[in-house]
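Beneath this line is the structure, given in structure tokens, with notes to follow.
As a basis for the values below, the full set of heavy atoms in this structure was taken, side chains included, without hydrogen atoms, waters or symmetry mates. Per chain, numbering begins at 1; letters A, B, ... match sequence-line order.
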Protein chains: 2
Amino acid sequence: MSASDITMMRIMARWQGGAAERLKEAALTLFQSHGYDGTTVAEIAAAAGVTERTFFRHFADKREVLFFDQNAFEGVFLAALPASGAPMELVTAVLAGAASLFPDERRPWSRARQAVIVGNVALQERELLKMSLLAVALTRALTERGIDPVDAALAAEAGVAVFRTAFAAWIADGEERPFPEIQTEILNRLRALL
Amino acid sequence: MSASDITMMRIMARWQGGAAERLKEAALTLFQSHGYDGTTVAEIAAAAGVTERTFFRHFADKREVLFFDQNAFEGVFLAALPASGAPMELVTAVLAGAASLFPDERRPWSRARQAVIVGNVALQERELLKMSLLAVALTRALTERGIDPVDAALAAEAGVAVFRTAFAAWIADGEERPFPEIQTEILNRLRALL
DNA sequence: AGCGTCATGTCAGTCACTGACATCATGGGT
DNA sequence: ACCCATGATGTCAGTGACTGACATGACGCT
């Protein structure tokens, strides 16, 4: 492939839209083949037919390209929140609503993505941050419904812990049960523990 | 102060030991006065009388200088762990042992440090990672005591959530109760919620 | 005095990330 | 058909975190 061919591809790609989508796909593919640290942002951008600068216009940093989709979680979580109820009733409702995020078809993709994340501490940090932001948003929503702030924080943290544990089990090797079933079981286990 | 004076100070500081300690103090001071982002590693190193390269020999990265002390938490946590018992009994014992980490004299220092952390997302990420590592270590210790892995993970996450919430309350403006008292109350609150 | 060890200094280099400015396709108004 | 505002992109120079390779100085031991 000549340099002029590459130039032509760039020009074609430049205005065809969906740059963010192409960047996300290119990033995951490259992370799988060369590892997260072994992949530069410049390489991801080149694979998507854009420049490095454009990458950073779509994503705040290199890690964010793997977590962009998760930004929608907060909306889905809060959408399932009833107007009133006891703390753990509200959290249970939220978890039921969140289950729709993980249909069985999505499992292979989630497994691939998670394999990249567990291989890099910086990515785990970002995942923890996203979960924490979820807990903070949930805490605030519970507080707005008249729940004591400390109770709200504890209920939200417990809910997110159940969610995270259920997700980990859902993508574990050999696991085939659907997400909602797993999550319900884990919530019951937590109840039994305390 | 002349350039040769600075050189002399460098030489004097070079072999007086405690470089890591000086770096930690210099870092916190500079973070408080200029902010985390507004402080470069080179500035921290200069304030401690060493070079930037030496900073990175003591701390894996810029953030770690604020979290180095927390690495001892894991040992303190696990040291208080009984040889056997029900999951939440074990976690309760661990929390009681952890209380010794936060005597009242330490509160002002903790408040200063936490003020820096809440002002920067990257530092919050690192704090979440440290808490997560704590939960992982606790999960493993519980599993080694014959507890089912999922139960162990849930109990550990719950324990760390209580610890974190208690710490946040202990640091809060106007709070004067000692850490153990706060933590016990929060643990009881979590029990009441579920 | 000679020697090994360990903490440190020096230097060059990579890469993530940013600000400033230029460029180009698109859509709407004239 | 022309023009212009807009938004997405390219280009370029720069900063700062972090690393590898190698040199040097202080200390303890013999």
Side-chain angles (χ1 to χ4, degrees), chain A residues 3-24 26-27 30-31 34-68 116 120-126 129, chain B residues 3-24 26-27 30-31 34-68 116 120-126 129:
Chain A
S4 66
D5 286 340
I6 294 177
T7 303
M8 281 309 296
M9 287 174 58
R10 279 265 175 81
I11 292 172
M12 285 163 54
R14 184 170 178 177
W15 297 108
Q16 79 188 23
E21 213 57 42
R22 296 200 310 275
L23 285 165
K24 282 190 278 185
L30 288 171
F31 291 164
H34 298 87
Y36 177 80
D37 285 333
T39 305
T40 68
V41 172
E43 288 167 352
I44 299 169
V50 296
T51 64
E52 193 179 357
R53 191 67 182 84
T54 293
F55 177 97
F56 287 109
R57 288 204 177 92
H58 286 279
F59 307 103
D61 56 52
K62 183 182 173 185
R63 287 176 282 166
E64 197 64 15
V65 70
L66 269 179
F67 293 90
F68 190 80
V116 173
N120 186 279
V121 187
L123 293 174
Q124 294 168 42
E125 276 188 303
R126 179 56 51 86
L129 178 68
Chain B
S4 66
D5 286 340
I6 295 177
T7 302
M8 282 308 297
M9 289 174 58
R10 279 266 176 81
I11 291 172
M12 286 163 53
R14 182 170 179 178
W15 297 109
Q16 77 187 25
E21 213 56 42
R22 296 200 314 273
L23 284 165
K24 281 191 277 185
L30 288 170
F31 291 165
H34 298 90
Y36 178 79
D37 285 332
T39 305
T40 68
V41 172
E43 288 168 351
I44 299 169
V50 296
T51 63
E52 192 179 358
R53 192 67 182 82
T54 292
F55 178 97
F56 288 110
R57 287 202 178 92
H58 286 278
F59 307 103
D61 55 52
K62 183 182 174 186
R63 286 175 283 167
E64 197 64 15
V65 70
L66 269 180
F67 293 91
F68 190 79
V116 173
N120 186 279
V121 187
L123 293 174
Q124 293 169 42
E125 276 188 303
R126 180 54 52 86
L129 178 68

- Got a sec, which residues hit side chain to side chain donor-acceptor pair (under 3.5 Å) with B:Arg63, two or more places apart in sequence or on another chain?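 With neighbours one apart ignored, the set is A:Glu125.
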- Results of side chain to side chain donor-acceptor pair (under 3.5 Å) for B:Gln124 - residues two or more places apart only: none
- Task: Using the ring of A:Phe56 (Phe, Tyr or Trp, six-membered ring only), decide whether A:Lys62 places NZ or CZ under 6.0 Å from its centre and within 45 degrees of its axis.
- Result: no
- Query: ring-ring contact (aromatic ring centres under 6.0 Å, His included) with B:Phe67: which residues, sequence neighbours excluded?
  - Reply: none
- Item | For B:Phe59, all residues meeting ring-ring contact (aromatic ring centres under 6.0 Å, His included), sequence neighbours excluded |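 Checked B:Phe59 against ring-ring contact (aromatic ring centres under 6.0 Å, His included); matches are B:Phe55, B:Phe68.
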- Task: Just grab all the salt bridge (Lys or Arg N to Asp or Glu O under 4.0 Å) pairs involving residues 42-53 of chain B, residues at least two apart or on different chains.
- Result: none
- Between atom CD in B:Glu125 and atom P in D:dA17, what is the gap in whole Å?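 Rounding to the nearest Å, CD of B:Glu125 and P of D:dA17 are 17 Å apart.
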- Query: What is the distance from CD of B:Glu64 to C1' of D:dA17, rounded to the nearest Å?
  - Reply: 15 Å
- Item | base_contact_polar (D:dG10 base, A:Arg57 side chain, donor-acceptor, <3.5 Å) | yes
Could you pull out the protein-nucleic contacts involving nucleotides 13-17 of chain C (nitrogen or oxygen on both sides, under 3.5 Å)?
unit_1	atom_1	unit_2	atom_2	d
C:dA16	OP1	A:Lys62	NZ	3.3
C:dA16	OP2	A:Val41	N	3.4
C:dC17	OP2	A:Lys62	N	2.5

- Message: Quick check on C:dG9: is either OP1 or OP2 less than 4.0 Å from any side-chain nitrogen or oxygen of B:Thr54?
- Response: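 Answer yes for this pair, as a side-chain N or O of B:Thr54 is under 4.0 Å from OP1 or OP2.
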- Query: Quick one: is D:dA8 close enough that its OP1 or OP2 comes under 4.0 Å of any side-chain N or O from A:His58?
  - Reply: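 Checking A:His58 against D:dA8: no side-chain N or O falls below 4.0 Å of OP1 or OP2.
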